[in-house]
Number of protein chains: 2
Amino acid sequence: MYTDLMNAPRTARERARAELTREILTAARRQLGEVGPSQLSLRAVARELEMASSAIYRYFKSRDELLTALILEAYNDIGAAAERAAERAAEPGERWIAIWRGVRAWALANRHEFALLFGTPVPGYAAPRETATAAGRMPLALAAVVAEAKAAGALAPPPAPPCEPALIDADMTALLPDAAFSADEIARIVLAWNRLVGIVSYELHGHLVGVTADDAGFFDYTARVSGAFTGLRFA
Amino acid sequence: MYTDLMNAPRTARERARAELTREILTAARRQLGEVGPSQLSLRAVARELEMASSAIYRYFKSRDELLTALILEAYNDIGAAAERAAERAAEPGERWIAIWRGVRAWALANRHEFALLFGTPVPGYAAPRETATAAGRMPLALAAVVAEAKAAGALAPPPAPPCEPALIDADMTALLPDAAFSADEIARIVLAWNRLVGIVSYELHGHLVGVTADDAGFFDYTARVSGAFTGLRFA
DNA sequence: CGAATTATGAGAGCGGTGCTCTCTGAATAG
DNA sequence: CTATTCAGAGAGCACCGCTCTCATAATTCG
């Protein structure tokens with residue numbers, strides 16, 4: 001089910017299958033953008049594609065599986081947005097801000113996808129193995145900036161109490177290769193990542209109305225403060 | 001609709017109405033705890049109460065209104081948990097940690113309610129006026145600790161770039177009365193509040209699996225780091 | 001008190017959902 | 001050419017939110 005589209009289809013049937021799978025996915029994504037995850041209806045997707053609703057089940061064995069596929073796409077999408085933003089600036093501090101702004105812009109333009117990734121998990125959903133790498137792209141973009149600063153010797157010493165190494169998963173240190181991050185540095189990157197999606201979620205969900213007066217400005221402030229906390233220096 | 005239960009009912013009808021409204025609410029909350037917001041079904045609540053599903057609509061004119069009532073309850077609940085936790089410690093640093101732990105404990109024990117408050121907003125929901133004060137109780141408990149430290153002259157100067165006053169809503173400064181907080185101090189409290197629900201959300205949604213090795217320990221680290229960022233001093 | 005009004009509950013019904021099953025026809029494999 | 005696999009359609013099940021009508025009970029008013 002939801003067979004990998006990249007394995008070159010040979011027969012006409014396989015080609016048609018791959019094509020229709022993509023069509024279902026793009027139609028679903030379109031509708032997701034309009035009505036949000038909870039309202040996304042398999043039957044509506046089938047209607048848009050002018051096929052029987054039962055036929056969809058030949059391609060995705062449940063609504064949850066369709067949503068999972070969309071989650072994977074969205075993770076790659078927001079990760080790509082972060083990576084693209086990172087390329088638009090050279091100096092670590094500027095790169096950091098660029099990534100933050102890029103992620104926020106993506107989230108504002110794709111709020112339902114963002115909700116799908118970081119909002120309430122869909123009930124029947126369990127993250128498959130492949131999701132992890134896609135999900136890691138965005139935080140890895142942040143980590144790369146810190147690694148760059150560290151390599152240049154421009155990483156400021158941590159201000160507050162340090163994080164004990166035992167609190168960080170061993171897989172995590174292994175996942176960040178070249179930089180040889182300390183546990184404390186990893187912890188700060190994790191917190192920065194958490195802060196980024198946290199503040200965007202707050203803005204998207206309306207928790208900041210009557211609190212902040214300038215969402216974009218407060219976001220930039222948050223980005224700088226969070227970067228400084230991670231050890232970056234700003235102009 | 002969803003008439004205030006506190007206005008003393010006089011006639012038998014009003015008494016019965018108030019009673020049944022409460023029964024619906026508690027049944028709904030029970031089911032919410034089991035299946036989560038998205039799966040909460042008005043018909044199932046009606047079945048549990050052995051009444052026709054259509055009769056529920058005499059008390060809540062839609063599923064969204066029922067959810068709104070549950071949101072209000074949950075906001076007060078988590079706020080009360082924070083306030084109770086605050087009372088269990090005297091010194092500001094300990095109070096801060098106590099509140100954080102209290103909120104986390106509440107969230108772990110009421111994950112679906114927590115999702116209702118800080119997860120993806122329910123589609124048809126628009127926060128009514130009364131919700132604001134209930135929603136403010138938890139962050140206000142945090143602010144109170146900072147105010148206490150400030151009054152005692154024990155608030156450390158801010159480490160990183162300050163927040164410009166223009167970024168904070170005027171209503172917000174007016175809402176925090178006695179403490180005469182600066183915009184920068186408010187911004188830090190807002191960020192601490194955002195961090196608290198952000199890190200709990202990450203833990204609840206599984207974004208920390210394979211990242212942290214000890215959720216409770218990492219949470220405590222986050223609480224300390226966040227407190228220090230806000231200006232508190234820890235032993 | 002009796003009549004008029006109002007609030008409440010039950011039931012049927014509408015259009016929607018996810019999902020399963022069976023049946024038919026077309027593409028593939030041997 | 002035949003046997004098998006696979007894609008699609010349709011009917012149907014159980015559930016959902018919500019609306020409407022109708023009868024009955026509680027309240028208010030003359």
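Here is how names work: the chains are called A, B, and so on, in the same order as the sequence lines, proteins then strands, and each is numbered from 1.
With rounding to whole Å, A:Glu50 atom CD is found 14 Å from D:dA9 atom C1'. If you measure from atom CD of B:Glu23 to atom P of C:dG9, you get 11 Å, rounded to the nearest angstrom. Computed from coordinates, the A:Met51 CE to D:dC6 P distance equals 17 Å when rounded to whole Å. Rounded to a whole Å, the CD atom of B:Gln31 is 14 Å from the P atom of D:dC15. Between the C1' atom of D:dC16 and the CD1 atom of B:Ile56 lies a distance of 14 Å, rounded to the nearest Å. For A:Glu19 and D:dA7, the CD to P distance is 14 Å, given to the nearest whole Å. For A:Glu65 and C:dC19, the CD to C1' distance is 14 Å, given to the nearest whole Å. We find that CD of B:Gln39 is positioned 16 Å from P of C:dT17, with the value rounded to whole Å.
Distance from the side chain of A:Leu42 is smallest to C:dC19 among C:dT28, D:dA9, C:dC19. Out of D:dT19, D:dC18, D:dG10, the shortest distance to the side chain of B:Ser53 is found at D:dC18. Ranking C:dG11, C:dT17, C:dT22 by closeness to the A:Arg47 side chain, first place goes to C:dT17. The side chain of B:Arg43 sits closest to D:dC18 out of D:dC18, C:dT17, C:dG11.
One finds no salt bridge joining A:Arg13 and A:Glu19 here, because no Lys/Arg side-chain nitrogen approaches an Asp/Glu carboxylate oxygen to under 4.0 Å. The pair A:Arg104-A:Asp215 fails the salt-bridge criterion, with no side-chain N (NZ, NE, NH1 or NH2) lying under 4.0 Å from an Asp/Glu carboxylate O.
For C:dG9, one of the phosphate oxygens OP1 or OP2 lies less than 4.0 angstrom from a side-chain nitrogen or oxygen of B:Tyr59. Remark: A:Ser54 is not in phosphate contact with D:dG10, judged by side-chain N or O atoms under 4.0 Å from OP1 or OP2.
The residue among B:Arg13 and B:Ser62 whose nearest nucleotide of DNA chain D lies closer to the 5′ end is B:Ser62.
At a cut-off of 3.5 angstrom, counting only N and O atoms as typed in the model, there is no donor on one side facing an acceptor on the other between the side-chain of B:Arg63 and the base of D:dG17.
In this structure, A:Leu40 reaches the sugar-phosphate backbone alone: every heavy-atom distance under 4.0 Å involves primed, P, OP1 or OP2 atoms, never a base. Residue contacts shown for B:Ser41 are limited to sugar-phosphate atoms, with no base heavy atom under 4.0 Å away. Using a 4.0 Å heavy-atom criterion, one finds that A:Leu49 contacts no nucleic acid atom at all.
Stacking of A:Arg101 on the aromatic ring of A:Phe219 is not recorded, the 6.0 Å distance cut-off and the 45° axial limit not both being met. Under the 6.0 Å distance and 45° angle rule, B:Arg137 does not count as a cation-pi partner of B:Tyr75.
Between the side chain of A:Ser41 and the main chain of A:Arg43, a donor-acceptor pair closer than 3.5 Å is present.
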